[in-house]
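Take a look at the structure set out below.
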Protein chains: 2
Amino acid sequence: MPGVKKVGQRTIQFANPPVVMATASIVGPKEGEGPLADCFDKIVQDTYYGEKTWEKAETKMLAEAVEMVIKKAGLQTGDIDYLFAGDLLNQTISANYAARQLAIPFFGLYGACSTMYEGTILASILVDGGFAEKVVAATSSHHNTAERQYRYPTELGSQRPMTAQWTVTGAGAMLIAKEGSGPRITHATVGKVVDQGIKDPNDMGAAMAPAAADTIITHLQDTGRKPEDYDLIVTGDLATVGKALVEKLTQQQNIDLSKNYTDCGILIYDPSQDVHAGGSGCACSAVVTCSYLLEEMIAGKYKRILGVGTGALMSPCSCQQGDSIPGIGHAVVFEMS
Amino acid sequence: MPGVKKVGQRTIQFANPPVVMATASIVGPKEGEGPLADCFDKIVQDTYYGEKTWEKAETKMLAEAVEMVIKKAGLQTGDIDYLFAGDLLNQTISANYAARQLAIPFFGLYGACSTMYEGTILASILVDGGFAEKVVAATSSHHNTAERQYRYPTELGSQRPMTAQWTVTGAGAMLIAKEGSGPRITHATVGKVVDQGIKDPNDMGAAMAPAAADTIITHLQDTGRKPEDYDLIVTGDLATVGKALVEKLTQQQNIDLSKNYTDCGILIYDPSQDVHAGGSGCACSAVVTCSYLLEEMIAGKYKRILGVGTGALMSPCSCQQGDSIPGIGHAVVFEMS
């Protein structure tokens, strides 16, 4: 296909790689006690963040992360052409209410916990394609809103199995621009929905792992690259259970991820924080990418990262109707020259 | 901004307008008794469509509409680069499960009833920007799944106020390509989230009208066009209540829509069908655009249509928390030369 910025099956190669002009991250108290505490822009000490409900607190964090990323880039809200955002809540209310407040032309997404990477891909497409100069991709999640909606209200104190993950409370935002200095987005591999029949809403890592593996394998095939071509390969929120499965699934295809692969859900908490398998939620990959990962890249630690935003497309309604939980993984290559 | 395909505040002008290569529409029994019955590709006689639940029936319709549009274009599923889809159900399960079945690289959207137009804009961006050759945008809704989730289960037989709209049961799909014959997509105006404080979940038309008016006014300003530059201006699902409000809101800006403006929610049902204000739902604008509107355009009746997909970003959770219902409107210009 001449003139088409596509390599292989489903990888986009950007002609003029867009720049990550700025990032912003806001997290809750638990994340602020974890190993990445020093990397976040803001740590909120109260899960209600001064609001009456956790849902309103989540909206506030998301809107603030977007405002913060714009300010960090030295810009005004009116300078942003488009906003891509979504979240885990029904009808993506955090994103919708944040977009209402910000009044930036808005594309609403639902990619579950893969949303940050889905938005990053689409924002990069708009910038590289000449449709926009500055686009923000953002997302949020909140432990208490997610537990209430997907499993049990936290007030109930239900016991969580060891495969369960802890939804990250926080919000991340990335400003993607045509010009500027910073890490560049060179490639993206768009996810397919993959389902290996997992039905346990307390085992999201296993539900997402097949989709993550599928995207990593396809990305390497499409680009003709090997894992060692990356300084780091990092999935969004598979945590310990899902990460082990990705290593196994890729190994079956003779791909060795043992040397340079980790997961944002493992990076964000310390095992002593009693989060069981690790972190999850839209904010997991968002706040880790929009702080630690890209900061270390700017500091010179990493030259090329393959990030894979992972999402469990889980629904309490379809679980009750006996259906299984499909996953999706969207990959983005960040590169610092 | 040199080289940027943007006119005015938030309108995209496509450099090489993508072609609507084919459309497909499937509807339920009630829509099959309405005035557009002859335009739809398929009328399903049973709201369960042979499935055990209405949710599964909706998924089946959506997947079938995508398969149908690919077949109508003489293509195979593997020829489609990307799929954009979303729906009204929590965690957009119709779209996710349809994407699982179709195995097309997938971008999940949440734009409430504006989803068909949001997807059409993004699909056109990918094609015009050289990222893809063939992209499908699709969506679905179902009266019984939507009522259960947003208001009351239909089995309860709750009385509906006269401002209430009837969620369209059905699915629509559009195949957007770089080359081919058919209507072309020349412009898109991306919506902003607008909220005038409506809190009644049985008055979606009023909740969406301010956003629709805002997008129409901005589109005309951005392009320097007048309503009479269009053979038809059509909103997605404002029905009688919302349409009257759009006419009033635009009139306040000295824009006269009285001559060539209608709404898909008015077109799809006959007043005798007891739908109160008219049709709504993701499928409302989808099946009317993907049948009647573009068929009449191909038949020569319309040369230039401004379609505005409208969405009420309503959430039962945020309604219970006392928040109001914001709306969004995404506009697309279809043109037949």
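The chains referred to below are lettered A, B, ... by the order of the sequence lines, with proteins before strands, and numbering in each begins at 1.
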**Request:** Could you look at B:Gln149 and say if it's the side chain, the backbone, both or neither that has a heavy atom under 4.5 Å from chain A?
**Result:** side chain

**Item:** Which of A:Leu88, A:Thr218, A:Asp195 touches chain B most, by non-hydrogen pairs under 4.5 Å
**Value:** A:Asp195

**Request:** For residues B:Ile121 and A:Phe131, determine if any side-chain heavy atom of one lies less than 4.5 Å from a side-chain heavy atom of the other.
**Result:** no

**Request:** Step through the shown structure and confirm whether more than 12 heavy atoms of other residues, nucleotides or ligands are within 6.0 Å of CD on B:Glu155.
**Result:** yes

**Prompt:** For chain B, which of A:Gln101, A:Lys52, A:Lys56, A:Gln13 has the most heavy-atom pairs under 4.5 Å?
**Reply:** A:Lys56

**Request:** Please round to the nearest 0.5 Å and tell me the distance separating atom CG of B:Asn90 and atom CE of A:Met314.
**Result:** 11.5 Å

**Request:** With chain B as the partner chain, list the residues of residues 103-116 of chain A whose heavy atoms fall under 4.5 Å from it, by residue number, and write 'none' if nothing qualifies.
**Result:** A:Ala103, A:Ile104, A:Pro105, A:Phe106, A:Phe107, A:Gly108, A:Leu109, A:Tyr110

**Asked** When only pairs under 4.5 Å are counted, which of A:Leu102, A:Thr215, A:Leu126 shares the most heavy-atom pairs with chain B?
**Response** A:Leu126

**Complete:** Cut-off 4.5 Å, heavy atoms of chain A, and the answer for B:Val194 is neither

**Request:** Could you look at B:Tyr150 and say if it's the side chain, the backbone, both or neither that has a heavy atom under 4.5 Å from chain A?
**Result:** side chain

**Prompt:** Does A:Lys5 use its side chain to pair, donor to acceptor, with the backbone of B:Gly129 at less than 3.5 Å?
**Reply:** yes

**Request:** Could you grab the distance from atom CG of B:Leu89 to atom OG of A:Ser315, nearest 0.5 Å is fine?
**Result:** 8.0 Å

**Item:** B:Ile125 portion near chain A, given a 4.5 angstrom heavy-atom threshold
**Value:** both

**Request:** Output the option from A:Leu122, A:Ile93, A:Thr92 having the highest count of non-hydrogen pairs under 4.5 Å with chain B.
**Result:** A:Leu122

**Fill in**
Rounded to the nearest 0.5 Å, the CD atom of A:Gln9 sits from the CG atom of B:Asp81 at a distance of 11.0 Å

**Asked** Are there residues of residues 316-333 of chain A that reach to under 4.5 Å of chain B by heavy atoms, and which ones?
**Response** A:Pro316, A:Cys317, A:Ser318, A:Gln321, A:Asp323, A:Ser324, A:Pro326, A:Ile328, A:His330

